[in-house]
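Starting from 1, each residue takes its place in the sequence as its number. Here the structure is a predicted model, which is why all the values come from computation and not from measurement.
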Amino acid sequence: RLDHWCGHCDKCCFIDLVLAPFLTPDELGGIFGGLEPLRNEELADQFLALLGLLADRKPFECVGDIDECRAAIALTARRPDRAGDALVQRLAAQANSGAQLSDHLMRATPPDAIPDEYSPESVVV
């Protein structure tokens, strides 16, 4: 295993994607050794796969689902510091359903979503 993020694999692309709505491109570049994956055009197909836009390729299960990825790219594209990022804007346009998804996925939920039968009080022996 590496002791750093490679910045090229599906896992790195996914982590970049889900952090991008909340961190600046420079902060993400620092995490990924200087070049943020969303600023690397060579990784466009990997992002398209994460967004469910490549029918013949599915990333490993260690990445989020398509809805989460589409919500993340929609939120990222809305950031003022991403307005000039060609790859981000192109991916967001291609996965345009993400805007509706992001509102649903980002809605606050109660302190937990554990069903009552599994709540800590009911499982304490």
Side-chain angles (χ1 to χ4, degrees):
R1 294 190 172 258
L2 299 174
D3 63 353
H4 61 280
W5 293 97
C6 73
H8 295 94
C9 69
D10 291 331
K11 182 75 169 190
C12 283
C13 289
F14 172 71
I15 295 300
D16 184 40
L17 188 59
V18 297
L19 291 177
F22 310 103
L23 299 174
T24 69
D26 289 340
E27 289 171 315
L28 289 164
I31 292 169
F32 293 102
L35 180 60
E36 181 199 7
L38 276 168
R39 290 198 160 165
N40 185 347
E41 284 286 340
E42 294 177 11
L43 301 175
D45 282 350
Q46 285 175 259
F47 286 107
L48 289 170
L50 289 169
L51 296 167
L53 300 173
L54 286 184
D56 62 337
R57 185 162 171 261
K58 181 190 179 301
F60 295 114
E61 283 72 25
C62 64
V63 299
D65 65 32
I66 290 169
D67 289 347
E68 292 168 332
C69 292
R70 288 184 178 193
I73 198 65
L75 290 169
T76 302
R78 293 180 196 167
R79 289 179 56 104
D81 58 352
R82 295 297 190 149
D85 285 5
L87 180 57
V88 168
Q89 296 304 320
R90 190 171 72 250
L91 292 169
Q94 288 180 274
N96 61 11
S97 64
Q100 297 82 23
L101 291 169
S102 64
D103 294 337
H104 166 72
L105 291 173
M106 297 301 290
R107 189 174 323 124
T109 59
D112 62 56
I114 301 170
D116 290 339
E117 66 265 22
Y118 300 111
S119 68
E121 294 81 25
S122 68
V123 295
V124 175
V125 179

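Taking the salt bridge (charged side-chain N to carboxylate O under 4.0 Å, His left out) definition, one finds that D81 meets it with R79, sequence neighbours left out. For E41, the salt bridge (charged side-chain N to carboxylate O under 4.0 Å, His left out) partners at least two apart in sequence or on another chain are R90. For R39, the salt bridge (charged side-chain N to carboxylate O under 4.0 Å, His left out) partners at least two apart in sequence or on another chain are D85. Under the side-chain contact (heavy atoms from CB on, under 4.5 Å) criterion, C12 pairs with W5, C6, C9, F32, not counting sequence neighbours.
A side-chain contact (heavy atoms from CB on, under 4.5 Å) with F47 is found for one member of V88, D16, I73 and no other, namely D16.
Here the shortest heavy-atom pairing between P37 and G7 reads CG-O, 3.6 Å. Contact record, L87 with A44: CD1-CB, 3.8 Å, taken as the closest heavy-atom pair. A pairwise comparison of heavy atoms in V18 and A72 identifies CA-CB, 4.2 Å as the closest pair. Nearest approach of G52 to I66, heavy atoms of both residues: CA-CD1, 3.6 Å. L50 approaches F14 most closely through the heavy-atom pair CD1-N, 3.7 Å.
Under the 3.5 Å distance criterion, the side-chain polar atoms of Q89 are matched with a main-chain donor or acceptor of A77.
Contact of the H8 side chain with the N40 side chain is registered, since non-hydrogen atoms from C-beta on lie closer than 4.5 Å.
In the hydrophobic clustering of ILVMFWY residues, with side-chain heavy atoms under 4.5 Å counting as a link, L54 and L38 come out together.
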- Task: Run the numbers on I31 and L23 for side-chain contact (heavy atoms from CB on, under 4.5 Å), then give the verdict.
- Result: CA-CA 11 Å; I31 292 169; L23 299 174; 4.1 Å; yes
- Quick one: do L53 and R70 satisfy side-chain contact (heavy atoms from CB on, under 4.5 Å)? Show the steps, please. CA-CA 10 Å; L53 300 173; R70 288 184 178 193; 3.3 Å; yes
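Atoms CG and CG, on L48 and L43 in that order, are 11.0 Å from each other to the nearest 0.5 Å. One finds the CG atom of N96 at 11.0 Å from the CG atom of L51 (value rounded to the nearest 0.5 Å).
Within the structure, salt bridge (charged side-chain N to carboxylate O under 4.0 Å, His left out) pairs that include any residue of residues 18-36 comprise E36-R82 (at least two apart or interchain).
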